[in-house]
Undergrad: 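Mind looking over this structure? Questions follow.
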Amino acid sequence: MPVGYVQIPVGIAGPLLLDDREFSVPMATTEGCLVASTNRGCKAIYVSGGASSVVLRDAMTRAPVVRFGTAKRAAELKFFLEDPLNFEALSLVFNSSSRFARLQSIKCAIAGKNLYIRFSCSTGDAMGMNMVSKGVQNVMGFLHKEFPDMDVIGISGNYCSDKKPAAVNWIEGRGKSVVCEAIIKEEVVKKVLKTDVESLVELNMLKNLTGSAMAGALGGFNAHASNIVSAIFIATGQDPAQNIESSHCITMMEAVNDGKDLHVSVTMPSIEVGTVGGGTQLASQSACLNLLGVKGASKEAPGSKSRQLATIVAGAVLAGELSLMSALAAGQLVKSHMKYNRSNKDVSKASS
Ligand code: ADP
């Protein structure tokens with residue numbers, strides 16, 4: 001029942017030099033500094049020779065909860081599902097739900113007589129929630145024949161885990177698991193980021209690692225990954241609620257090349273993105289995906305566009321981490337926010 005649209009300003013950070021390609025990264029945000037800050041990080045990466053990324057894993061998950069009369073019966077289903085001899089039959093049933101859904105693994109957890117079954121599958125260029133749910137439904141029907149006393153309580157039993165902070169995503173991954181790195185030269189840290197390598201490494205250790213450990217963080221070993229993730233998600237038609245697990249990130253910083261340069265990396269185990277389906281079809285969001293060259297479904301290599309988008313998210317997070325950490329190290333955070341967020345300019349009139 002759409003009644004209209006809520007407008008959010010869009011800015012572009014970049015060029016982001018990632019894996020020898022240049023990207024102009026669209027970001028939808030009301031935070032004045034964010035695009036400027038990410039842009040500065042992109043510049044530091046660019047003049048240092050670029051960032052590189054690796055997609056470590058690509059699998060969407062769904063975990064129904066089923067109940068038995070006894071824990072013994074729940075355990076029997078667990079052993080059945082985890083037996084390699086049964087995997088082929090299960091994947092045949094699962095994969096029949098879509099041309100793109102391909103079952104990769106099944107992981108089970110028991111709570112008394114209740115069993116949580118986490119199905120992981122590749123989903124082509126779709127984020128994949130619909131696809132994986134259909135596959136799971138097929139398997140539930142199949143299992144009912146072998147285990148007629150199985151009671152399916154819910155197709156999602158929260159062990160998936162969608163849109164909630166959960167260690168299972170942080171440890172096992174959900175969507176795309178990506179690592180992205182760059183070496184920022186000493187003079188770039190000084191001239192572009194206005195700080196020094198030693199201060200950045202120390203701040204990263206005390207803030208992103210130790211500070212987050214003190215706070216009991218779950219996947220929050222970073223300065224502001226969710227800022228960048230949310231802005232790109234909104235611009236490109238992703239599900240903004242999935243920013244929770246998509247922003248899980250550990251930022252590492254280390255002095256390299258005899259302590260002169262900075263090695264920086266972000267490791268993000270659960271970036272949930274798609275370039276087809278959901279909000280990606282809307283006009284403005286399509287335009288943003290087009291800008292990145294990743295709109296739609298890849299016919300030649302299904303999944304390559306959504307994986308590319310995930311690497312861009314990680315690359316932009318790398319830029320964002322570099323810039324905010326530098327502002328903090330140099331004590332400039334409050335000053336820049338006052339300058340960019342307290343502008344008197346009436347942006348509502350800017351487009352008229
Ligand atoms: P989601 O599973 O993310 O909720 P949808 O089911 O809404 O996504 O959209 C995916 C649809 O796009 C499916 O119907 C699927 O068959 C179709 N499709 C076409 N090409 C591709 C592709 N390369 N990768 C994934 N899905 C594709």
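As the structure lists them, so they are numbered: ligands from 1, and atoms in each ligand from 1.
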Undergrad: If you measure from the Lys or Arg side-chain nitrogens to the Asp or Glu carboxylate oxygens, is any gap between Glu245 and Lys163 under 4.0 Å?
TA: no
Undergrad: With side chain to side chain donor-acceptor pair (under 3.5 Å) as the test, pick out the partner of Glu321 among Asn227, Asn204, Thr251.
TA: Thr251
Undergrad: Could you find the nearest protein heavy atom to atom 18 (N) of ligand 1 and give me its residue, atom name and distance?
TA: Phe100 CE1, 3.5 Å
Undergrad: What's the shortest distance from atom 10 (C) of ligand 1 to any protein heavy atom, and which residue and atom give it?
TA: Ala126 CB, 3.8 Å
Undergrad: As a test of understanding, state which of Asn243, Val273, Ile244 forms a side-chain contact (heavy atoms from CB on, under 4.5 Å) with Val229.
TA: Asn243
Undergrad: Phe94 vs Phe119 aromatic rings, parallel, tilted or perpendicular, using cut-offs 30° and 60°?
TA: parallel
Undergrad: Between CZ of Arg118 and CD1 of Ile106, what distance do you get to the nearest 0.5 Å?
TA: 12.5 Å
Undergrad: Kindly identify the option in Ser122, Ala297, Ser133 whose heavy atom sits closest to atom 20 (N) of ligand 1.
TA: Ala297
Undergrad: Check if Gly128 has a non-hydrogen atom at a distance under 4.0 Å from any atom of ligand 1.
TA: yes
Undergrad: Answer yes if a protein heavy atom lies under 4.0 Å from atom 14 (O) of ligand 1, otherwise answer no.
TA: no
Undergrad: Do any heavy atoms of Ser298 fall under 4.0 Å from ligand 1?
TA: yes
Undergrad: Where is the nearest protein heavy atom to atom 5 (P) of ligand 1: which residue, which atom, and how far?
TA: Asn130 ND2, 3.8 Å
Undergrad: Select one of side chain, backbone, both or neither to describe which atoms of Val132 lie under 4.0 Å from any atom of ligand 1, heavy atoms only.
TA: neither
Undergrad: May I ask you to identify the nearest protein heavy atom to atom 12 (O) of ligand 1, giving residue, atom name and distance to one decimal place in Å?
TA: Val276 CG2, 3.9 Å
Undergrad: Name every donor-acceptor pair, under 3.5 Å, that has one atom in a side chain of residues 210-218 and the other anywhere in the protein, sequence neighbours excluded.
TA:
unit_1: Thr210; atom_1: OG1; unit_2: Met205; atom_2: O; d: 2.7
unit_1: Ser212; atom_1: OG; unit_2: Asn208; atom_2: O; d: 3.2
unit_1: Ser212; atom_1: OG; unit_2: Gly220; atom_2: O; d: 3.0

Undergrad: Determine whether the side chains of Ser122 and Arg102 contain a donor N or O and an acceptor N or O closer than 3.5 Å.
TA: no
Undergrad: Where is the nearest protein heavy atom to atom 24 (N) of ligand 1: which residue, which atom, and how far?
TA: Asp125 N, 2.8 Å
Undergrad: Measuring from Phe142:CZ to Met140:CE, what's the distance to the nearest 0.5 Å?
TA: 11.0 Å
Undergrad: Give the atom numbers and elements of ligand 1 that come within less than 4.0 Å of a heavy atom of Met131.
TA: 2 (O), 25 (C), 26 (N)
Undergrad: In ligand 1, which numbered atoms sit nearer than 4.0 Å to a non-hydrogen atom of Met127?
TA: 3 (O)
Undergrad: Does Gln238 use its side chain to pair, donor to acceptor, with the backbone of Gly274 at less than 3.5 Å?
TA: yes
Undergrad: Could you list which atoms of ligand 1 come closer than 4.0 Å to a heavy atom of Gly277?
TA: 7 (O), 9 (O)
